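Data first, discussion second: the structure below is written as structure tokens.
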Amino acid sequence: MTEQIERTYFVQQLLRWFIKHQRDLPWRQTKDPYKIWVSEIMLQQTRVDTVIPYYERFLDRFPTVQALAEAPEADVLKLWEGLGYYSRARNLQQAVREVQATYDGVVPSEPDAFSALKGVGPYTKGAVLSIAYNRPEPAVDGNVMRVLSRYFLIEEDIARPATRKKMEQLIREMIPHEDAGDFNQGLMELGALVCTPRSPSCLTCPVMEHCQARLEGKEEQLPVKKKAKAPRKEYRVAALIAAPIEEEQGGFSSFRYVMRQRPDTGLLAQMWELPHLETVREENPSEGLADRSDLKQLAEMIRQETGIAVKPVELLLETEHIFSHIHWYMNVYVFSPDSTGASQQMQANRYRWVSRPELEQLALPNVFVRVFQHLFAK
DNA sequence: TAAACGTGGCC
DNA sequence: TGGCCAAGTTT
């Protein structure tokens, strides 16, 4: 069988299979390029089941390009809370504002124009344009690379950009212009449902007959991918500065807390956190209580940046959090403040006193969401 | 090219 | 339990 016939067989079998077996997903109920775009951004490195509730809430709140373009950044970040890779949210809004301003709110269908938008890389360009506009652009993600590496027995490291480009070229040669969107989605769907990373269901695969890896018994060995490095360790000590809120009757029933907004770039950009600092610590973090000098340094930093003098009261909890590239060991101490006034200095350093209802409005990374869950459960 | 950038589920 | 993985992009 010639290579060309093999490819034609693949395309036809895949399309037939996809039409019959595709999942009923929220973003498949629409052809609105904006909604498909939102789904593709959320789905980057993120599971379908995780995305669905976020997708529904996000579009409920921002149903159109205009609605998202006009929304406060903080609201967008809050709706993204817990989803991870938060620069996706800021980039999406920046791109949507560009679409509103430059294209009168219409998502551009030209590959170069759409691709130029913030957060739109080679995958997202192909996915959105093929699904929404049926443009014959490749959309090569991890699923697609797995399927192709097996079917064509491609043994190059899929972590290399050069490998992805090779696969994009392959797709350009195969993609049917009449069914570009279904073909791209079919490839991804096959990777998600049948040609899975472990224990692929070859016996139900529509293209098993000519799958080169299957024919050679190498389906479990592909794709080849370089191993990721272990996350580096960081030890941190954080301050929960709590002050009772006075009521008219003279008692109190709730607290205010000092929160700090992270820098505009980098890890967890613009999200809110407990004031904390990195401490020098060798191995064995569970040994864990921050020593006096850590607490002293932390109190000093807080005084410098807020003008509030604080004293450590007790250890609230020791917790770990693993990002993709950093492993945090964090000890959280309760501190008592000598005052509760808001100062110019606090604001300049991105600190705020917040009540519990105000806290609910801020976007927090999961590691700090869990700290408060622990506190409020006590 | 390699590292930064989150989170949760799975085996 | 810990490493791997999931519809990647930016720098």
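No experiment lies behind these values; they were computed from the predicted model shown. Each chain gets a letter, A, B and so on, in the order the sequences are listed, and its residues count up from 1.
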Open item on the list: Quick check on DNA chain B: between Ile322(A) and Lys226(A), whose nearest nucleotide comes earlier from the 5' end?
Closed with: Lys226(A)
Open item on the list: Classify the ring geometry of Tyr151(A) against Tyr9(A): parallel below 30°, tilted from 30° to 60°, perpendicular beyond 60°.
Closed with: parallel
Task: Aromatic centroids of Phe372(A) and Phe376(A) separated by under 6.0 Å - done: yes
- [ ] Using a 4.0 Å heavy-atom cut-off across all strands, classify Ile131(A) as base, sugar-phosphate, or nothing.
- [x] nothing
- [ ] Give one of base, sugar-phosphate or nothing for Val120(A), where a contact means two heavy atoms less than 4.0 Å apart.
- [x] sugar-phosphate
Open item on the list: Quick check: on DNA chain B, is the nucleotide nearest Arg160(A) upstream (toward 5') of the one nearest Met271(A), or the reverse? Name the residue that is more 5'.
Closed with: Arg160(A)
Open item on the list: Go through it in stages, so that I can follow the logic: the residues are Phe18(A) and Asp179(A), the test is side-chain contact (heavy atoms from CB on, under 4.5 Å), and I'd like the CA-CA distance, side-chain angles, deciding distance and then a yes or no.
Closed with: CA-CA 11 Å; Phe18(A) 178 66; Asp179(A) 301 294; over 6 Å; no
Open item on the list: Heavy atoms only, 4.0 Å cut-off, all strands: where does Arg164(A) land among base, sugar-phosphate and nothing?
Closed with: nothing
- [ ] Could you tell me whether Gly191(A) contacts a base, only the sugar-phosphate backbone, or nothing, with contacts defined as non-hydrogen atoms closer than 4.0 Å?
- [x] nothing
Open item on the list: With a 6.0 Å cut-off on the ring centroids, do Trp27(A) and Tyr55(A) count as close?
Closed with: yes
Task: Nearest-angstrom distance, P atom, dC5(B) to dG2(C) - done: 24 Å
Open item on the list: Just the rounded figure in Å: distance from P of dG8(C) to CD1 of Ile41(A).
Closed with: 11 Å
TODO: Walk along DNA chain B from 5' to 3' and tell me the first and last nucleotide with an atom closer than 4.0 Å to a non-hydrogen atom of chain A.
DONE: dT1(B) to dG8(B)
Open item on the list: Check Lys118(A) with Glu98(A), please: is the shortest side-chain N to carboxylate O separation under 4.0 Å?
Closed with: no
TODO: Identify whether any heavy atom of Arg232(A) sits under 4.0 Å from a base atom; if not, whether one sits that close to sugar-phosphate; answer base, sugar-phosphate or nothing.
DONE: sugar-phosphate
TODO: Nearest whole angstrom, please: distance from the C1' of dG8(C) to the CE of Met167(A).
DONE: 15 Å
- [ ] Decide yes or no on ring pair (Phe, Tyr, Trp, His ring centres under 6.0 Å) for Phe114(A) and Trp37(A), but give the supporting numbers first.
- [x] CA-CA 10 Å; Phe114(A) 185 60; Trp37(A) 182 9; 5.1 Å; yes
Task: Nucleotide dT9(C), atom C1' - distance to NZ of Lys165(A) in whole Å - done: 13 Å
TODO: Provide, to the nearest angstrom, the distance between the CZ atom belonging to Arg198(A) and the C1' atom belonging to dC5(C).
DONE: 6 Å
TODO: Answer yes when Arg303(A) and Glu300(A) have at least one side-chain N-carboxylate O distance shorter than 4.0 Å, and no when they do not.
DONE: yes
- [ ] Looking at every strand, decide which applies to Thr50(A) at a 4.0 Å heavy-atom threshold: base, sugar-phosphate, or nothing.
- [x] nothing
TODO: Using the P atom as the reference point in each nucleotide, state the distance between dG6(B) and dT1(C) in Å, no decimals.
DONE: 27 Å
TODO: Using a strict cut-off of less than 4.0 Å between a Lys/Arg side-chain nitrogen and an Asp/Glu carboxylate oxygen, indicate whether Glu137(A) and Arg135(A) qualify as a salt bridge.
DONE: no
Open item on the list: Need one value for Trp80(A): base, sugar-phosphate or nothing, where a base atom within 4.0 Å counts as base even if backbone is also close, heavy atoms only.
Closed with: nothing
- [ ] Check the distance between dT11(C)'s P and His325(A)'s NE2 and give it to me in whole angstrom.
- [x] 15 Å
- [ ] Answer with base, sugar-phosphate or nothing: what part of the nucleic acid does Arg262(A) contact at a heavy-atom distance below 4.0 Å?
- [x] nothing
TODO: Mind checking Leu83(A) for me? I need base, sugar-phosphate or nothing, with any heavy atom below 4.0 Å counting as a touch.
DONE: base
- [ ] Using whole Å, report how far CG of Asp141(A) lies from C1' of dT9(C).
- [x] 14 Å
Open item on the list: Over all strands shown, is Thr124(A) touching base, sugar-phosphate only, or nothing at heavy-atom distances under 4.0 angstrom?
Closed with: sugar-phosphate
Task: Of Ser39(A) and Leu117(A), the one whose closest DNA chain C nucleotide lies more 5' - done: Ser39(A)
Task: Value in whole Å for how far the C1' atom of dT9(C) lies from CG of Leu92(A) - done: 13 Å
TODO: Calculate the interatomic distance between Tyr86(A) atom OH and dT10(C) atom P; express it in whole Å.
DONE: 19 Å
